[in-house]
S.K.: 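First the structure, then my questions, so here it is.
We name chains A, B, ... by the order of the sequence lines, and we start the count at 1 in each one.
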Number of protein chains: 2
Amino acid sequence: MNVFSDIIHAMYPVSDESIGKLWAHAEIITLQKGEFLIKDGTVNRNLYLIKSGLLRSFHLEGDREDTLWFATDGDAVASMHSIFAKSPAIADIIALTETTLFQIPWTTLETLYEQCHDLANWGRRIAEEELYCLERRYRILGTGDAYSRFRAFMNLRPNSFIREIPLKDIASYLGMTPQTLSKLRARYAAEK
Amino acid sequence: MNVFSDIIHAMYPVSDESIGKLWAHAEIITLQKGEFLIKDGTVNRNLYLIKSGLLRSFHLEGDREDTLWFATDGDAVASMHSIFAKSPAIADIIALTETTLFQIPWTTLETLYEQCHDLANWGRRIAEEELYCLERRYRILGTGDAYSRFRAFMNLRPNSFIREIPLKDIASYLGMTPQTLSKLRARYAAEK
DNA sequence: GAATCCACTTAACATAGATTAAGAAATCAT
DNA sequence: ATGATTTCTTAATCTATGTTAAGTGGATTC
């Protein structure tokens, strides 16, 4: 599942010809653990498809990090703010493990969306799916008190790639301090 | 700006022929103030375009309401959860004032997206724009303490349709109680 | 045009979760 | 391997915000 065409196909049935056109403009990027894909305040108007690895998007507010999402193999990633407002990104994206990505410039995509009907639908599907994820993320994890958010998170994905994510990042994703998360984990284990 | 074709055009340049195809499947809906467009727990697989009025999306958590967004003239509205997961919606949408909408079934849209290249791009643009809005909503208003969220909100849209929204709903949008919002408003007025 | 109901404000009190601190465990670098 | 960071946990305070309560004004209903 980490070949370029497989990633595209998993999202929407695109013709080989169209995939070829995407591929012609794709560049392969590798990030080491701790390296930034996008820095808050810099312009980045690319779409990224994760071949393998683990990314985290967050924003630095004073000395507190607010984590927006995690992404892994096969996921699409971009700074919509940079792309739409045509201005610097308003969040950081960092690699949690060594990560390999396909990079495609947004301007190229805009052109291809005009040229190829199937790519337009592929682009639509990506945006719709992201939207669906974000809607769920906030409905399920942005609501209730700290413990109910934690439980909702545990129910959501008990044993996926989330295992590899440091607890401090999960705490920030759930909108609490690592200390609070630690307490809730102890409580959760006891209640089970 | 409240004719069907104008709303479509404001999003993406779609041909008259394609707009005609959309129009053939559109139904006009009118909601009175306080009426629900979508009830949490019911399936609703339609896209709505607001001709005029004001909507609020929220989720009832115990006796606390969490407001996700407000929408007004020209905005697109749908329950992505209902559409994608093909299951009941996970939030309510209610009319804050008398609201008139164009309703188009999602299954129809899927068909038209396959048929018409320009509609596929129009659908893509809707999803991307919504994504951009949601990204900003949480980056700007889901971060920091109550007062900084309130200030960010004031800077964002000091004098738009937001004026018509009851303060209790704005409080819920900003993740605080009406009492806290009231205190912050007094503080804000004093500091200015 | 009362009467009733909400929306909004103010204030006293209560509490969930932040902050601070410090030790244990894991990871990283030399 | 060994020392140095960094992560995770536990525990004692502290504070921002929720909760409860009560009063005012504006809107809605009969």
S.K.: When you measure from the side-chain N and O atoms of A:T177 to the phosphate of C:dA18, is any distance below 4.0 Å, counting only OP1 and OP2?
M.R.: yes
S.K.: Could you tell me whether B:F150 and B:Y188 have their ring centroids closer than 6.0 angstrom?
M.R.: yes
S.K.: Taking only side-chain nitrogens and oxygens of A:K33, does any of them come within less than 4.0 Å of OP1 or OP2 of C:dC28?
M.R.: yes
S.K.: Give B:G175 one of three labels, base, sugar-phosphate or nothing, depending on what nucleic acid heavy atoms sit under 4.0 Å from its own.
M.R.: sugar-phosphate
S.K.: Rounded to the nearest Å, what distance is computed from the CG atom of residue A:D145 to the C1' atom of nucleotide D:dA16?
M.R.: 16 Å
S.K.: Are B:R56 and B:E65 close enough for a salt bridge, meaning some N to O gap below 4.0 Å?
M.R.: yes
S.K.: Working to the nearest 0.5 Å, report the span between CG of B:L174 and CG of B:D169.
M.R.: 11.0 Å
S.K.: Are the charged groups of B:E135 and B:R139 less than 4.0 angstrom apart, N to O?
M.R.: no
S.K.: Picking from D:dG18, D:dT10, C:dC8, which would you name as closest to the side chain of B:M176?
M.R.: D:dG18
S.K.: Does OP1 or OP2 of D:dT17 have a side-chain N or O of B:T180 closer than 4.0 Å?
M.R.: no
S.K.: Classify the side chain of A:Q179 and the base of C:dT20 as holding, or not holding, a donor-acceptor pair under 3.5 Å.
M.R.: yes
S.K.: Among C:dC8, D:dT9, D:dT17, which nucleotide sits nearest the side chain of B:K183?
M.R.: D:dT17
S.K.: Would you say D:dC8 has OP1 or OP2 under 4.0 Å from some side-chain N or O of A:R185?
M.R.: no
